[in-house]
Amino acid sequence: MTAPTQADPAQAYAQFLEALAEADEYAAIDVASRLLDARVPAERVLLDLVAPAQAEVGERWARNEWSVAQEHAATHISERVVAAVAAQANPRPTRGRVVVACMDGEWHALPPRLVAEVLRLRGWQVTFLGASVPAAHLVSYLHRHDAHAVALACALPMRLPHAHRMIEACRRSDVPVVVGGRGFGDDGRWARTLGVAWAPDAPTAADLVADERALRRVRPAELPHLADDEYAGLVKRRGELIDSALADLRERVPAVEHYTPAQLDSTISDLGYIVDFLAAALYVDDDSLFTDFVDWLAQILSSRGVPSGAVGLTLGHYHRLLRDFPRAGRFLALGKARVAARRDTVRG
Amino acid sequence: MEWRYRDTGVGWAEEIGTYGPLPRAVGVDTRSGAQLVTSADVRGADPGDGRISTPSDVRGPARPSEAVVRPSSALPPLAPDRGHPEPDWSEVVEHFREGLVVCDPDGVVRHLSPVAERLLPEVAQGRPLTAAGVPGLRSGGPGEFAHHGRRLRIRAMPLSGGRSCHYVEDVTESVTRADALLAERARSAFLAVVGEKLGNPLHPDRAAAAVVRLAVPTLAEVAVLVLAPRSGRARWWRASRADDEAAAVDSGVLSATALPPAIAEGLSGVEPHAVDWLVEQAVDAGWLPGLEASEVVARVLPLPGREAPAGALLVARRATRWYDEDDVELVRAFAARAGAALTTAVLYRDQAEVADTLQASLLPVEPITVAGVQWGTAYRPAQASLRIGGDFYGSHRLPDGGSVFFLGDVSGKGVEAAVFTGQLRQCLQALHRVESHPGRLLKLLNDALLETTQAHGQGRFATMVLGVVRPQRDGALTLTMAGGGHLPPLVLRASGEVEAVPLSGMLIGVVPDPRIGEVTVRLEPGETCLLYSDGVTEARGGRRGDEQFGHERLVHAVTGCHRVPAPALAERVEQVTCDWLAHGDHDDIAVLALRATGPGGRPPRHLHAVPAAGGPAEQRETRQ
């Protein structure tokens, strides 16, 4: 252990990651407290220590180095650290109320929690509603408490259609919305499609919240493509598509017969995710949403010993079933090309 | 369009050629000595207003030519070849609705029809047209302009020999009608937007801000809403627009006695009429920054409420746009909607305050701190907007350093179920002071509930697990649990094994002296006991949304989580359940986890070095 006065950020980061790896809440809080004692601003501790460490946790899970359980534990420790930093800084609210929440179905609560604390440090009175907030809960909260703005987080693009409904619900309560999270694309392009203000990070979100005119100055959603009903049609056929894809896999991949119930469940989930991401891509009419997901899924599966060819099979199967869906067909064909390109790189 | 028109023009020329001589003089005024206007002049020129697109349309403006040239026509009175006298064109022209101004190649007015004389009194024969000083005449092209309070439409057409003819029409009537229609449409559209924006129940402050923001710029450059005073203080909101940006909204508070008289009058339901006096008051109140009283017009209208007005709305704008009767009518319609929205908002707030207080008393209370115990909880009621339901959990401190804890589920859903959980928790709160043995405490609770439900004829019952946790010296925890017909808890052992605790028993609040199961479990440091409601295992989801989550999936979801802190474990159970539901309807969900943290409150370290058990495929789960 280094001397307690040590507050070198790079060293602190390594120590912090180690504390997360060991699920040692107290060691992690110690690292953050030492930085605060060395007069590092609380906002910097949150954004330069906790945030990148959490990103690393996600990476380690994606590379299959950490189990879901480890990731959960590490995230919990990070949350405790955020709470400790917030308690130590203890800012006095001087500005209006801002509500921060995760979209319905969204469980990645740490990034919005960091946004919430940065807003609090900047004098806002912040209410953090937590993970997966049902739209009805959020709206009834907005009716009961006068909010200056709502900040909504979405980490997975597959939730964009739900996110859009939630944004609209807030708008109907006449509360401006700012969104964030990777779910809206690295450059926030899907936030633009849905007609909502977007912030790439916590400081930008805080700046936006402080500028009410900028918050209200958003272009309307551009969703004329929804008129072709492909999105609605795909959502309606979700169950049927998954059933049929599973039957197809059983036929082509003999190993599926011997899957444990748990393996079968996660296969069904993956088949469902493909449909959900395809639906979201149709919703915002962007093939890159789908092809990026295919890339990511192939990477996740291959790091867990599942050949990416299986993904290609399912994309081909969906493509055959969705003959009457020209846009979906195009996205699936692009997805298949991605999987094929990936296999070629692996071979080469 | 153009090519069609030209084509037709050629065709006509041929037609005319076939039918014989043209009327050489279709001229307007032979007396003036000016060159005659030939029929070719009229036909060949483009009226230029874009209305002409089909041959039949073309014939219209070409006026007499058809009748003139067609000998077979039923009405050929103007055809000179029938031997009739040539008509007096000046006489005909006098009755045109359009006025005619014919200029020579130098732009000097050579002829002026009586209508043109009336519409354009500045234009004089023998003088250049431009000398008349009518701006609308200079552009040359077709256009509309206001002149002496009339709306004139003009089009110029080149004639042969470099001459030109201006056709002037008075379109005041039709334009006024069209304008009125457009204005009416704009008003309806505005009120539709207002209805949409204010149609949802809003927080009263939001509603007030929305009202002033909507009023700008359609109704006013500055709009101020003053709410009816509450306890001697009146709050106001103001929206103003400095540039093309969205309106900026601010707010403030005034003492009820310091309100401008016109506002006070408005709040009493009167529409004040003394307009100048009103502007002075608004300026004095500091509501019209950067505006002089002399350059502003303003109105104050009451916002109708339930009994007295909900507030008063002041609209002000530069005197260049006066509030006419239509405008005031629109402001009144707006005020009616705004008043309704504010009344709804206040009503909603008053009810929500009551509901909030009641809900808060029914929400599960987080467990109390006990040395050596880390608690984790999750709670998700079936009705998200209600935030309360029929599941409950909680804990009470015991004098010996231990704690009573419980998790359960009452029959029914929603408010009634939540109220019943409140009664049940109240009972436990009192009973744990006289009895700390789980089995006997649960029986006491059963008797108490039975008495209450029989007295009220409710027929409600509950299932629950009730336990007592006592920390041991070695950091372990001893859990003695009694079962009242609830799902048996799970224990996550340090080895990674997940055990179901054998705990059975009968429903609570149904029969006197029910059979209550009892079991004692020892948790070593780092081990966790998990209590959950049937909202978890009976969650319906999967491929078709009709498959139950079930015990097996729950066990699988928590397998490998034996090193996870209790709060994270509870959240994980909540998450996998909700993921399984995939936005489907669900029953109330409650989770309570107790983890033995070991001596000193610090969980054992270096637990994460070993990757979790289980094959790679089993750990798959899509998280990004």
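Protein chains get the first letters and strands the later ones, always in sequence-line order, with residue 1 at the start of each.
Both the backbone and the side chain of A/V175 come within less than 4.5 Å of a heavy atom in chain B. Heavy atoms closer than 4.5 Å to chain B are found in both the backbone and the side chain of A/R144. The parts of B/E574 that come within reach of chain A are both its backbone and its side chain, each placing non-hydrogen atoms under 4.5 angstrom from that chain. Both the backbone and the side chain of B/R206 come within less than 4.5 Å of a heavy atom of chain A. A/H145 touches chain B through backbone and side chain together, each having a heavy atom under 4.5 Å away. Neither the backbone nor the side chain of A/E79 comes within less than 4.5 Å of any heavy atom of chain B. Heavy atoms closer than 4.5 Å to chain A are found in both the backbone and the side chain of B/A248. Interface remark: A/L142 contributes backbone atoms only to the contact with chain B (heavy atom separation under 4.5 Å).
In this structure, CD in B/E571 is found 10.0 Å from NE2 in A/H76, a value given to the nearest 0.5 Å. In this structure, B/R572 CZ and A/E71 CD are separated by 9.0 Å, a value rounded to the nearest 0.5 Å. Rounded to the nearest 0.5 Å, atoms OG (A/S140) and CD (B/Q359) are 7.5 Å apart. If you take CD on B/E547 and CG on A/D265, they are separated by 7.0 Å, rounding to the nearest 0.5 Å. Rounded to the nearest 0.5 angstrom, A/D174 CG and B/K197 NZ are separated by 7.0 Å.
Annotation: side chain of A/S132 is in contact with side chain of B/R380 (closest heavy-atom distance under 4.5 Å). Side-chain contact between B/R349 and A/D146: absent, with no pair of heavy atoms (C-beta onward) separated by less than 4.5 Å.
Remark: A/R80 CZ is loosely packed, at most 12 non-hydrogen atoms of other residues, nucleotides or ligands lying under 6.0 Å away.
Put simply, of A/G183, A/A109, A/A147, the one with the most heavy-atom pairs under 4.5 Å next to chain B is A/A147. Of all the listed residues (A/I242, A/D104, A/V133), the one sharing the greatest number of non-hydrogen pairs under 4.5 Å with chain B is A/D104.
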